[in-house]
Structure formats: C-alpha cells, structure tokens
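Accompanying notes for the structure given below.
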Number of protein chains: 2
Amino acid sequence: MQTSCGDLPPAVNDFDGKGFDGKALAPAVPRRYRRGVSEETEPYVLDDQVGYLLRRVTQRHLAIFSQHIPEITAMQFACLVRLHQQGPLSQNHLGRAASMDAATVKGVVGRLEKLGLVTRAADPGDKRRLTVTLTEAGAALVSARYADGLRISAATMEPLNRAERAHLMALLNRLT
Amino acid sequence: MQTSCGDLPPAVNDFDGKGFDGKALAPAVPRRYRRGVSEETEPYVLDDQVGYLLRRVTQRHLAIFSQHIPEITAMQFACLVRLHQQGPLSQNHLGRAASMDAATVKGVVGRLEKLGLVTRAADPGDKRRLTVTLTEAGAALVSARYADGLRISAATMEPLNRAERAHLMALLNRLT
DNA sequence: TGTAGATTGTTTGTATGCAAACATCCTGCG
DNA sequence: CGCAGGATGTTTGCATACAAACAATCTACA
C-alpha cells in the first residue's frame, strides 16, 4: 500500500523564517523570547487562524448532518425550523431569520418547494411579497427530525464535555 | 421610515410547545425542572445549535476577510500560504494541506493561475501529477499580506479577550 | 398629494463545496 | 512480470453564498 504522502516534495515542516523562495517570513520565535525587540511579528500559522478552523469544523459538522438527515441540507432544515416555529414568513424575512441573503434564500426556498415541503403565495396586502408557508409534509418532516437535529449538534461537539460545550457556544455567540 | 419588521405575521416568540400548525413540539421546560420524568426532550432552538452558530461566525469572518484582503478569497489565501511555507505541491496534496477536496482545489488553483499567482506544471516523475508552484507575484502577495491575515483573525475575535481567544481556538481545534 | 427613499424579489456572475463516475497512472505483491 | 488496488486529476451535477444591478411596490414626509 502506498502511503498517502509517499514522495512529497522536500517537506518544510521546519518553519525557519524563510519561504521556499528564500523570502523572509515572520520570525517563528515566540513572543516571550523576544522581549525588548521593537519590530515583533507573529508568524502566520494557517492552522492557528480562526477562519481556517471554522471552515474545518463546519466541514465536519456538515458531514455529520448529512449522515443523520440525508433528505435535506442544513440550510433547508434551518428554514423549515423557522417556518415551523414562527409561522408563514415572507421570503426575505425567512432569509433574515435563517441568516441568508435574498439571492440565497430564493434558491433554498425554490428547492424546498420542489420537494413539496413549502409553498409560495403572493401576499394580498403587499404585492411585492411572497409568503412562504410550510406544507403538511414539511411540518411533519421538521417535527420528526427535531430529535435528529439535537443529535447532530451533540455529535459535532462529542469531543467536548458538558461544560466545554456550553463554553464554546457562549464564545461563538459573542462572535456573531 | 419603515421599520424592518413593520407587519410581520403574528410573531410567535412565545415558544409554547406548539408550532404554528398546532403540532406538538419538544417541551421548552428546562431539564432541571423535569427530574424524574422519563421521556425528556430538549426543545430545538436553532440559535443554540453549533452548526448555525458556526455558519454565522463564518459569515462575519469572511466579510472581515474581504475588507482586509479584497484581491483574493480566504480559500485562495490559504493555498498561497501553504505553497509559500511548504514549497511546490501536487494539486491533490495542496488540497489536503488546505482542507479542500480534489474538485474544489481544481477550481481554486485555476483561478489563482488566471491571476498569475501560481503555475501548474506536469510532474516529470509521475505523469498523473500536476505540480503547483507559487510565482514571484504570488510569493510577493503572501509575504505582503501575512500581517493582514493576522489582523483578520484578531478582528474576527475582537469581542473576546486574550484568554477567551486561546480557549476558543483550543475548543475548535478539538472539533476538527 | 407626490415623491424620495426604502423594501421585496429576481437575475447574473463569480466562488466555494462535495458526491460520484471516469480515465490514467503508479506500486506492491504474488 | 503482471495485475489488483490505490492515487491523481477531471468532469458533471447539485447546493450554498454573496455582490451588484433591476423592476415593482410601498411609505413616510414634505
């Protein structure tokens, strides 16, 4: 069996302050060893950047989601949940409630409609609006899947204990 | 000026255990008040689910990113960083190093090539491989933007103090 | 009453993301 | 040596995301 990195180019795990092209990078020497130096710069370690970590955790989460709820996506589930708990909403309001912009929500709602889980109807009072309503099938699906939704969150945070999960949620909340 | 929610449908912020369609939802009574009850179920509150929070924090992060580095995307920057620090990589290895699958990395590298930040060349030793190499422009761009990269991470976590940031990173790391 | 400015929804264009099916190539093992 | 199984890259199809530009509509205010 071929190892997954059989013959990678001369690996440069030794972060020595220079890129492969010889250009100087930020010094890898930790701050505590550089007291008194004026032009300190942290090294840029990709794996230590929030954005990169967020992406990776999200990837894992979405994989878990589709294992538990294969019929629809996480975005679609979020829309169904909002409609189930708040009642019919205009397309735009639904989008705001589920944190997606107008262009995105149009696509999501369109697919939900195609699946027979929601309907779109013109608002009689406001000709601009499209009211999105959950169908019986849609309501049944959300109701039946709430438990799975909770299991998905639990599975995503499985490596953490109860206190750590609460802590993580609190911290993420403040970054919203 | 019209308020943003001028005439929303009869808002249901009172989470009372029933959806708008009358179907029973999970009870909203906290666990601690239900000691001894066998069939306990937590309510499903979308805003309390990791996935939803991750998505929202990511949205905010990407907005911050494009404010600081408008020329390229976060994905593209991640690729440039890997190439700068690890040297030329095959397209697949680059993808793995930056956490994206083969189909995705093809598109990202293609766009980086179109921007003149990277080149793709056939590997002489292995006819399957395409070696991706940073151009001078690419190397110059990463070098010049490392500081912005750090600022982006700092800005994203701005609401947290030093200890909280470290804690968040540690927790996210364990969910990878 | 009228209209400037906001809101709603659509469309277009660009950029991820990932599954699945392929064609091609490489390597270890019998 | 030869081949099975793994690795590499491509393509297609579907589903987010979001900026920007529009057309239609609504509303507050002059």
Side-chain angles (χ1 to χ4, degrees), chain A residues 1-8 51 54-56 58-67 70-79 89-96 98-112 114-115 120-132, chain B residues 1-8 51 54-56 58-67 70-79 89-96 98-112 114-115 120-132:
Chain A
M1 209 247 304
Q2 182 176 338
T3 64
S4 67
C5 315
D7 48 351
L8 273 170
L54 285 171
R55 187 156 62 80
R56 297 196 48 176
T58 297
Q59 285 176 340
R60 177 162 157 278
H61 166 72
L62 291 179
I64 292 172
F65 189 99
S66 68
Q67 282 171 10
E71 315 94 275
I72 58 176
T73 68
M75 298 296 304
Q76 293 168 5
F77 189 67
C79 284
L89 291 170
S90 79
Q91 197 173 273
N92 261 4
H93 282 146
L94 173 59
R96 259 170 254 153
S99 300
M100 36 188 136
D101 72 12
T104 301
V105 84
K106 176 182 168 47
V108 176
V109 169
R111 284 179 285 274
L112 286 174
K114 198 173 296 180
L115 291 173
R120 277 197 289 194
D123 182 310
D126 188 333
K127 291 181 192 168
R128 296 168 305 176
R129 287 193 179 169
L130 277 183
T131 300
V132 184
Chain B
M1 209 253 292
Q2 181 180 338
T3 64
S4 68
C5 313
D7 48 349
L8 272 171
L54 285 171
R55 187 156 62 81
R56 297 195 48 175
T58 298
Q59 284 176 341
R60 176 161 159 279
H61 167 72
L62 291 179
I64 291 172
F65 188 100
S66 69
Q67 281 170 12
E71 316 95 275
I72 58 175
T73 68
M75 298 297 304
Q76 293 168 5
F77 188 67
C79 284
L89 291 171
S90 79
Q91 196 174 274
N92 261 3
H93 282 147
L94 172 58
R96 259 170 253 153
S99 301
M100 36 188 135
D101 71 12
T104 301
V105 84
K106 177 183 168 45
V108 176
V109 169
R111 284 179 285 273
L112 285 174
K114 198 174 296 179
L115 292 173
R120 278 197 288 195
D123 184 308
D126 188 333
K127 292 180 192 168
R128 298 168 303 176
R129 288 194 179 169
L130 277 183
T131 299
V132 184

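The chains referred to below are lettered A, B, ... by the order of the sequence lines, with proteins before strands, and numbering in each begins at 1.
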Considering only nitrogen or oxygen atoms on both sides, find all protein atoms under 3.5 Å from nucleotides 16-22 of chain C and state each distance.
residue: C/dT16; atom: OP1; partner: B/Thr73; partner atom: OG1; Å: 2.6
residue: C/dT16; atom: OP2; partner: B/Gln76; partner atom: NE2; Å: 2.8
residue: C/dT16; atom: OP2; partner: B/Arg111; partner atom: NE; Å: 2.7
residue: C/dT16; atom: OP2; partner: B/Arg111; partner atom: NH2; Å: 3.2
residue: C/dT16; atom: O5'; partner: B/Arg111; partner atom: NH2; Å: 3.1

My understanding is that only residues two or more places apart in sequence, or in another chain, count here; which of them pass side chain to side chain contact (heavy atoms under 4.5 Å, CB included) with A/Leu62? A/Thr58, A/Ala74
As a test of reading the structure: which of D/dA7, C/dT10, D/dT10 is closest to the side chain of A/Arg120, going by heavy atoms? C/dT10
Nearest to the side chain of B/Asn92, which nucleotide is it out of D/dG9, C/dG9, C/dC25? D/dG9
If you look at every strand shown and take non-hydrogen atoms under 4.0 Å, does B/Gly110 touch a base, only sugar-phosphate, or nothing? nothing
In whole angstroms, how far is the P atom of C/dT7 from the CG atom of A/Leu130? 18 Å
Determine which pairs satisfy side-chain hydrogen bond (donor to acceptor under 3.5 Å, both in side chains) with at least one residue from residues 103-112 of chain B, sequence neighbours left out, and list them in order. B/Asp101-B/Thr104
Among all residues two or more places apart in sequence or in another chain, which pass the side-chain hydrogen bond (donor to acceptor under 3.5 Å, both in side chains) test with A/Glu71? A/Arg145
When only distance counts, do a donor and an acceptor, one from the side chain of A/Arg128 and one from the base of C/dT7, lie under 3.5 Å apart? yes
Tell me: CG of A/Leu94 to P of C/dG9, nearest whole Å? 10 Å
Once you apply a heavy-atom cut-off of 4.0 Å, does A/Lys127 come out as touching a base, just sugar-phosphate, or nothing? sugar-phosphate
I want to check something: taking the side chain as every heavy atom from C-beta on, are B/Ser90 and B/Asp123 in contact at a cut-off of under 4.5 Å? no
Among residues at least two apart in sequence or on other chains, which ones pass side chain to side chain contact (heavy atoms under 4.5 Å, CB included) with A/Leu130? A/Gln91, A/Arg120
With sequence neighbours left out, write down each residue that passes side chain to side chain contact (heavy atoms under 4.5 Å, CB included) with B/Ser99, or none if nothing qualifies. A/Tyr52, A/Arg55, A/Arg56, A/Gln59
